[in-house]
Amino acid sequence: MGDTLAQKLIRSHLVCGEMRVGEEIGLKIDQTLTQDATGTMAYLEFEAMGVPRVRTERSVAYIDHNTLQTGFENADDHRYIQTVCNKHGIYFSRPGNGICHQVHLERFGIPGKTLIGSDSHTPTGGGIGMLAFGAGGLDVAVAMGGGTYYITMPKMVRVNLTGRLQPWVAAKDVILEVLRRMSVKGGVGKIVEYGGDGVKTLSVPERATITNMGAELGASTSIFPSDEVTREFMKAQGRANDWVALQPDADAEYDEIIDIDLNTLVPLAACPHSPDAVKPVSELQGLAVDQCCIGSCTNSSLMDMLKVAAILKGKTVHPNVSLSIAPGSKQVYTMLAENGALADLIAAGARILECACGPCIGMGQSPNSKGVSLRTFNRNFEGRSGTADGQVYLVSPETAAVSALTGVFTDPRTAGEAPVYTMPERFLVNDNMVVAPVDETEMNTVEVVRGPNIKPFPKTSPMAEEIAAKVLLKVGDNITTDHIMPAGAKILPLRSNIPAISEHCFVRCDPEFPARCHEEGVGFIIGGSNYGQGSSREHAALAPLYLGIKAVIVKSFARIHVANLINAGIIPLTFADETDYDRISLGDRLALPDVRGRLTRREPLVLKNETTGEEIALNTNFSDRQIDMLLAGGLLDYTRQQSI
Ligand code: MIC
Ligand code: SF4
């Protein structure tokens, strides 16, 4: 039996473990990326490890999230990241250069290489055939130091594409269709590999839209083959030499196959508040729209922008709609300016933003109360826009642009001829906003600048013999990292200050949670299925760590979050029988007797509900490495004990 493309890349990067589904495997990482909202912590962790220079082939730090500088904090963090990168051998993409995933695809990604990034949408790189994973900052720090990256060997899903997209139907509609079929937890423990005849009809930016939003499936990653289309893209970026052809073996076997006929797809929208609440746009036709936002790492390529400019050209945005547009990178922005398309956007009344995450992470442009906002982004979790009752729909750039003109939800197929635009043969290449690090021989001349908002990594301690504490929070299914550790313009500047950001932990679910934690000192969290879906932010583990949470017990976890909990030394546990979730209430006193001894001896853990007197069985299928990490008090302590 042959290998799937993902299996081939895993095999060629395998450091340890057996490639058997469900087993832990270790991978060699060729490239890393960070962004500024997770980057400060990642570099503080890297510094704490004491490795002088990065050992990857290429590591890049991007500034794209915290670009709204309403106080000194974000600017201080940018300065810290710039200096720490300069010293330790990391390339620094300055604010203004664009969104990490878009720029990485354009300028640094290489087919066949492994990439991990401290951002859940790192699988965007799968659009050019990279094996790219979102990870916590600590995992990225370890990889920068030359350490192995561990994942659970995933199942393989093949999405078989046939036919060709019809006019007005976009790559966004392909991934929304996959989300409709698989749901936000359908990809957990799986790699989604695209293949079939339809692949060659999709350009690299379109493929990247699809692999980017594979994160919303909960998938480990998504990947496209590297073919002639990829070669053309690399060539247009002046990087033809980096191209290699990559295909799965003809006799590769997949655990699951999904067939999608591109001819039959229609414009789709993910309704509030989940990326898998997908309906045809035609069913929403006529709903009044307050805002449209075009951009984000999912849909901010030159191609997306040119389409939108062609739709808006010579027209005016509807009086009741605010339309914001953020091109994905300096390359995209400059090319739009040079070919006149930017003028068409401005003339139509679009509010042009800098090339950064912006409204996607709640950095400005929050909609009005109960406002209907059509966004080309990838997440529409409740409150993420910054407006608690905002109604965010995820749509293609075509649907957003056409609806911005009509003022109501509009199926773009009703708008006449599809937009005509031409893609240039060459992209404009100018890497003047990427700062190369100093040579190793000069690293001691660089002083790392730390602002007053930058506080050290929270204190960890080895696992206790026994844990006995109250349930300080009980939540339901599909809790996102935006519930656990909200983002937005007010809270994001605290990303380098765990004590301060912890005061916002879970406040959207229960405003009293931080205070209760301070009162009790230690505690448990109980949750439902797919707990921790969404972002890679390790703050969703570090804030609970700081607040004294010792274990999180749920029906099931999302992949990156469970790794972050272990990295932080918090024990992630699942119920052996999901109905036991109902046998625990907020405030119950729970105990994990002899937890240290039992984990050391690889014995199952038993949870005692001391309030009801019941015993509850738990799953404890940790790898030896994970157990050692938990016993040590997390990855940082574990790494200090080992030599990487
Ligand atoms: C997101 O889209 O939620 C973010 C903001 O990019 C996060 C990273 C973060 O929280 O800093 C992600 O996707 O990992
Ligand atoms: Fe930035 Fe939004 Fe992409 Fe996250 S999903 S990296 S916030 S653009």
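Given the structure is predicted, the values throughout are model-derived calculations rather than measurements. Atoms within each ligand, like the ligands themselves, are counted from 1 in listed order.
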Student: Hey, does the side chain of D173 reach the backbone of A170 with a donor-acceptor pair shorter than 3.5 angstrom?
Tutor: yes

Student: Looking only at protein heavy atoms, identify the closest one to atom 13 (O) of ligand 1 and say how far it is in Å.
Tutor: S120 OG, 2.6 Å

Student: Looking at H88 versus F46, is the centre-to-centre ring distance below 6.0 Å?
Tutor: yes

Student: Between atom NE2 of H65 and atom SG of C357, what is the distance when rounded to the nearest 0.5 Å?
Tutor: 3.5 Å

Student: Could you see which bit of M485 sits under 4.0 Å from ligand 1, with heavy atoms only: side chain, backbone, both or neither?
Tutor: neither

Student: Hey, does the side chain of K190 reach the backbone of G186 with a donor-acceptor pair shorter than 3.5 angstrom?
Tutor: yes

Student: Centres of the Y43 and Y80 rings: under 6.0 Å?
Tutor: no

Student: For atom 11 (O) of ligand 1, find the nearest protein heavy atom and state the residue, atom name and distance (0.1 Å precision).
Tutor: R495 NH1, 2.8 Å

Student: When you measure from atom 7 (C) of ligand 1 to each heavy atom in G117, S536, A215, S535, which option holds the nearest one?
Tutor: S535

Student: Side chain, backbone, both or neither: which part of D119 has a heavy atom under 4.0 Å from ligand 1?
Tutor: both

Student: Y62 and F92: aromatic ring centres closer than 6.0 Å?
Tutor: no

Student: So if I count the atoms of ligand 1 from 1 in the order they appear, which ones are less than 4.0 Å from some heavy atom of H65?
Tutor: 4 (C), 5 (C), 6 (O)

Student: Looking only at protein heavy atoms, which one is nearest to atom 10 (O) of ligand 1, and how far off is it?
Tutor: R537 NE, 2.6 Å

Student: Within less than 4.0 angstrom of ligand 1, does Q35 place any heavy atom?
Tutor: yes

Student: Taking NZ, NE, NH1 and NH2 as the nitrogens, is one of them in R107 or D431 under 4.0 Å from a carboxylate oxygen of the other?
Tutor: yes

Student: For ligand 1, which atoms have a heavy atom of A37 less than 4.0 angstrom away?
Tutor: 11 (O)

Student: Does the side chain to side chain donor-acceptor pair (under 3.5 Å) test come out yes or no for R379 and S120, once each step is laid out?
Tutor: CA-CA 11 Å; R379 293 191 170 138; S120 64; 2.7 Å; yes

Student: Pull out every atom of ligand 1 sitting under 4.0 Å from any heavy atom of I361, numbered as shown with elements.
Tutor: 5 (C)

Student: Flag the pair R537 and D119 as a salt bridge only when some basic side-chain nitrogen lies within less than 4.0 angstrom of an acidic carboxylate oxygen.
Tutor: no

Student: Tell me if the CZ atom of R351 is crowded by more than 12 foreign heavy atoms within 6.0 Å.
Tutor: no

Student: Any nitrogen or oxygen of T38, side chain or backbone, less than 3.5 Å from one on ligand 1?
Tutor: no

Student: Counting no waters, what protein N/O/S atoms lie under 2.8 Å from atom 1 (Fe) of ligand 2?
Tutor: C357 SG

Student: Using a strict 4.0 Å cut-off to heavy atoms of R379, name the atoms of ligand 1 that fall inside it.
Tutor: 1 (C), 2 (O), 3 (O), 12 (C), 13 (O)

Student: Below 3.5 angstrom, do we get any N/O pair linking S118 and ligand 1?
Tutor: no

Student: With R58 as the cation and Y91 as the aromatic partner, state whether NZ or CZ is under 6.0 Å from the six-membered ring centre and within 45° of the axis.
Tutor: yes

Student: Write out the residue and atom name of the closest protein heavy atom to atom 2 (O) of ligand 1, then the distance separating them to 0.1 Å.
Tutor: R384 NH2, 2.8 Å

Student: Should the pair E538-R495 be classified as a salt bridge under the 4.0 Å nitrogen-to-oxygen rule?
Tutor: no

Student: For ligand 2, which part of N378 has a heavy atom less than 4.0 Å away: the side chain, the backbone, both, or neither?
Tutor: side chain

Student: Using a 3.5 Å distance criterion without hydrogens, assess whether the side chain of N453 forms a donor-acceptor pair with backbone atoms of P493.
Tutor: yes

